[in-house]
Protein chains: 2
Amino acid sequence: MNDRRLEGLRRRQANSLGFLLIRCGQLFNERGIAGVNAEAGRPVLREAHTKLLPHLQAPDGVRITELARVLGVTKQAVQPLVAELAEAGVVRVEADPADARARRVSLTAHGVDAMLHGTGVLERIERELQPRLKRGEVEKLKMMLRGLLGVLEAG
Amino acid sequence: MNDRRLEGLRRRQANSLGFLLIRCGQLFNERGIAGVNAEAGRPVLREAHTKLLPHLQAPDGVRITELARVLGVTKQAVQPLVAELAEAGVVRVEADPADARARRVSLTAHGVDAMLHGTGVLERIERELQPRLKRGEVEKLKMMLRGLLGVLEAG
DNA sequence: TCATATGGTCAAGAGAGGTTGACTATTGGC
DNA sequence: GCCAATAGTCAACCTCTCTTGACCATATGA
């Protein structure tokens, strides 16, 4: 009885940019995390990390408060995550030369390596998909996604 | 000192299909959940839901065990979530006519409405983005994403 | 210079989401 | 008809994530 409505739902989803991106992103994220953890032999990467890390790429580091703001949580929520990453040697926390109250979180050389490695895992997944995708289209897809990401991050 | 390496990282990420999809998907997901919750006036949708719901679109419903398998968790973990959605009238849990041990979880008419509404929120976000995107490219982007999603879900 | 705002920490606790283990009911092959 | 495998539930418990609230140190401007 619901079949017709379900069919309509599916068609509408398949025509929604957001839905398509969310599903594709979820699938890549799951496989990427699984891949990294499989190589490490133990769980080292959680979804919380993949949300925090993209915001740590400013050369001079980012304030805890700023991280909390962009993630939409309190600064207390960010603290344990930063502490954990600092413990693992992925980030460093330093005094802010311009404000003695503040501290700046930035990637260590090891942290950059880790992120390059993570990107490598995603690239491997992409390569495994290649045979089933049209070669030229993937490059075009990436180009459009870069443009879209710019728009999304701008606000 | 890390600037050059950070620059390299950024360039490599911007050329990784997985990275681009994960970031775009995250941003859409966050905004979609925020939009639905803002309209409801209270938090009604969590990320756990957006992971479970896409698997509930089979007309005859899905078994708890099957849901657990595709989500990669135990069936005990799925139970509270299904119970919560049943309580909210989004899904119905019925006996499986073919196996008296099993139960089938499926969307109610109200659940389909809710998912259509969620898709509508994503469409609104997409419309708000439209002015800053090239019109023809969005359609092409969707077409490619549909193809990619098919490949990803196939295995 | 003193009041107020801001950056950050510490502590206690709530709630989501997951686990393992023990259990019941039913199925299906032998 | 029996017995191992399967679907699901219940209970106890753990970790992660986040919150509120109290607190200290520094900055800033009237």
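Computed from a predicted structure; not experimentally measured. A note on names: the letters A, B, ... follow the listed sequences, proteins ahead of strands, and every chain is numbered from 1.
Residues B/Arg69 and B/Glu66 are paired through a salt bridge, judged by an N-O separation under 4.0 Å between the basic side chain and the carboxylate. Between B/Glu137 and B/Lys140 there is no salt bridge, since no side-chain N of the basic residue sits under 4.0 Å from a carboxylate O of the acidic one. A salt bridge does not link B/Glu128 with B/Arg31: every distance from a Lys NZ or Arg NE/NH1/NH2 to an Asp or Glu carboxylate oxygen is 4.0 Å or more.
The interatomic distance linking B/Lys75 (NZ) with D/dT6 (P) rounds to 10 Å, in whole Å. When the C1' atom of D/dC16 is taken as reference, atom CG of A/Leu45 falls 15 Å away, rounded to whole Å. One atom, CD of B/Glu66, and another, C1' of D/dA7, lie 13 Å apart when rounded to the nearest Å. Regarding B/Asp96, its CG atom lies at a distance of 13 Å from the P atom of D/dT9, rounded to whole Å. With rounding to whole Å, A/Ile64 atom CD1 is found 14 Å from D/dC18 atom P. Rounded to whole Å, the distance from CG on A/Leu81 to P on D/dC16 is 11 Å. B/Gln79 has its CD atom 15 Å from the C1' atom of D/dA12, to the nearest Å. In this structure, A/His49 places its NE2 atom 10 Å from C1' of D/dC16, rounding to the nearest Å.
With contacts defined as side-chain heavy-atom distances shorter than 4.5 Å, the pair B/Leu148/A/Leu129 qualifies. Side-chain contact between A/Leu145 and B/Arg23 is absent, with no heavy-atom pair separated by less than 4.5 Å.
Across all strands, A/Ala102 comes closer than 4.0 Å only to sugar-phosphate atoms, never to a base (heavy-atom distances).
Only at 4.0 angstrom or more do the heavy atoms of residues 22-40 of chain A sit from any atom of DNA chain D, so none qualifies.
DNA chain C is contacted by both B/Val73 and A/Gln76; A/Gln76 maps to the nucleotide lying nearer its 5′ end (nearest heavy atom per residue). Position along DNA chain D of the nearest nucleotide to B/Arg104 versus A/Glu47 favours B/Arg104 as the more 5'-ward residue.
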Heavy-atom contacts, protein to nucleotides 24-30 of chain D, under 4.0 Å, summarised as B (base), S (sugar-phosphate only) or - (none) per nt, yield -BBS---
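Remark: the backbone N or O of B/Leu52 is not paired with any side-chain donor or acceptor of B/His55 at under 3.5 angstrom. A side-chain donor-acceptor contact under 3.5 Å links A/Lys142 to the backbone of B/Asn15.
In terms of phosphate contacts, A/Thr74 brings a side-chain nitrogen or oxygen within less than 4.0 Å of OP1 or OP2 of D/dT19.
B/Leu56 and B/Val62 make their closest contact through CA-CG2, 4.4 Å (heavy atoms, listed as atom of the first residue, atom of the second, distance). Here the closest heavy-atom approach between residue A/Gly120 and residue B/Arg12 is recorded as CA-NH2, 3.7 Å. A pairwise comparison of heavy atoms in A/Val82 and A/Val91 identifies O-CG2, 4.0 Å as the closest pair.
On the nucleic acid side, DNA chain C has its first and last nucleotide under 4.0 Å of a heavy atom of chain A at C/dA5 to C/dC10, going 5' to 3'.
B/Arg127 and B/Gln130 share no donor-acceptor pair across their side chains, judged by distance under 3.5 Å alone. In this structure, a donor-acceptor pair under 3.5 Å is absent between the side chains of B/Arg10 and B/Gln13.
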